[in-house]
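All remarks here apply to the structure that follows.
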Amino acid sequence: MPPTPARSNTLISNLSAVATRITAASSKLSPPKETPVRLIAVSKLKPASDILALHSAPVSHQHFGENYLQELQEKARLLPPTIKWHFIGGLQSNKCVSLARDTKSLWAVESVDSEKKAGLLDKGWGDRKVEVLGEEGKGGEQLRVFVQVNTSGEENKSGVDPEEGVVGLCRFIREKCPRLKLQGLMTIGAIARSRATTPENENEDFLTLKSVREKVVSVLGLEGKEAHLELSMGMSEDFEGAIVLGSDEVRVGTTIFGDRPPKDQARVV
Ligand SMILES: *Cc1c(COP(=O)(O)O)cnc(C)c1O
């Protein structure tokens, strides 16, 4: 499964260029961020060898994002348990238990959009066997989840309506799902707004996600560390604009890995 040296070099230089851009965008923030922006390398539909190229020393990148359950589970079985996997794709209720229970080294689920799915993830996480846990997950740790918010109101996007339901779902996760940790809020946003996003041109979806966070923090009365709900926003087209608006985590695929093949032509190995 080793990547070719040429492919490795391309991926490493793409990742390092993205990291440099993240640092540059972050340096514009005042006050400066306490923790650096987390970069999720979105590896969906890309081979396991690409991931290994970035996870191997000296780069040792840790956070990778996947959209499809079967593909994620196959990659997680093949690749080192030191990878921290993020499920960022559309969640189906009937797959939530397996996602949480059977995926090795699962670090976060970013696309929670209903109480039912949250409850099933909670159940699945409780049913995990020791061999599924990652390096970090040994000590009864909770599964990190993000609530996905449909900030653009587009019908083809999943996520909870920003006006209705976000606070209730966050409350449900905190009060009824003891094995889940509410890590933050996630949005994808409208593609047209992404294309128009520049550091000067503020993206409305990102502003909406920020204000939804304020609302959740105030209505639920979160304080101290708990009030630090993260914002997962920003992709290849718009991650610098997202960082300027306070993103804690960006999810970048194409700029690192290149264009993706059609799903039926994608191969893990
Ligand atoms: C595919 C995907 C990404 C990465 O998109 P790029 O434009 O390739 O950077 C980020 N977030 C989600 C939820 C995705 O599905």
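Atoms within a ligand are numbered from 1 in the order they appear, just like the ligands themselves. Sequence positions, counted from 1, serve as the residue numbers for this chain.
- Protein heavy atom closest to atom 9 (O) of ligand 1, with residue, atom name and distance, is Ser236 OG, 2.6 Å.
- A cation-pi arrangement is not found for Arg101 relative to Trp125, the charged atom failing to lie both closer than 6.0 Å to the ring centre and inside a 45° cone about the ring normal.
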Verdict with reasoning, Glu154 to Lys157, per salt bridge (charged side-chain N to carboxylate O under 4.0 Å, His left out): CA-CA 6 Å; Glu154 294 165 290; Lys157 294 257 156 66; 2.8 Å; yes

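- The contact set between ligand 1 and Val252, taken as ligand atoms under 4.0 Å from a residue heavy atom, comprises 9 (O).
- The two residues Val160 and Gly165 have their closest heavy-atom pair at CG1-C, 3.6 Å.
- If you number the atoms of ligand 1 from 1 as listed, the ones under 4.0 Å from a heavy atom of Asn67 come out as 14 (C), 15 (O).
- A salt bridge does not link Glu230 with Arg213: every distance from a Lys NZ or Arg NE/NH1/NH2 to an Asp or Glu carboxylate oxygen is 4.0 Å or more.
- Distances from atom 14 (C) of ligand 1 to the heavy atoms of Arg251, Met235, Lys44 put Lys44 nearest.
- Close approach of ligand 1 to Thr254 (heavy-atom distance below 4.0 Å) involves ligand atoms 6 (P), 7 (O), 8 (O), 9 (O).
- Side-chain atoms of Glu202 never come within 3.5 Å of backbone atoms of Leu207 as a donor-acceptor pair (strictly under, hydrogens ignored).
- Atom 12 (C) of ligand 1 has Ile88 CD1, 3.5 Å as its closest protein atom, hydrogens excluded (heavy atom only).
- The part of Arg260 lying near ligand 1 is the side chain, judged by heavy-atom distances below 4.0 Å.
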Acceptor/donor pairs from residues 171-178 side chains to any protein atom, 3.5 angstrom cut, sequence neighbours excluded:
residue: Arg174; atom: NH1; partner: Glu226; partner atom: OE1; Å: 3.4
residue: Arg174; atom: NH1; partner: Glu226; partner atom: OE2; Å: 3.4
residue: Arg174; atom: NH2; partner: Glu226; partner atom: OE1; Å: 3.2

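- Close contacts of ligand 1 with Ile188, meaning ligand atoms under 4.0 Å from a residue heavy atom, involve 13 (C).
- Look at Glu110 and you'll find every heavy atom at least 4.0 Å from all atoms of ligand 1.
- For the pair Val42 and ligand 1, the shortest N or O to N or O distance does not fall below 3.5 Å.
- The aromatic rings of Phe64 and His55 lie perpendicular to each other, with more than 60° between the two planes, well past the 30° mark.
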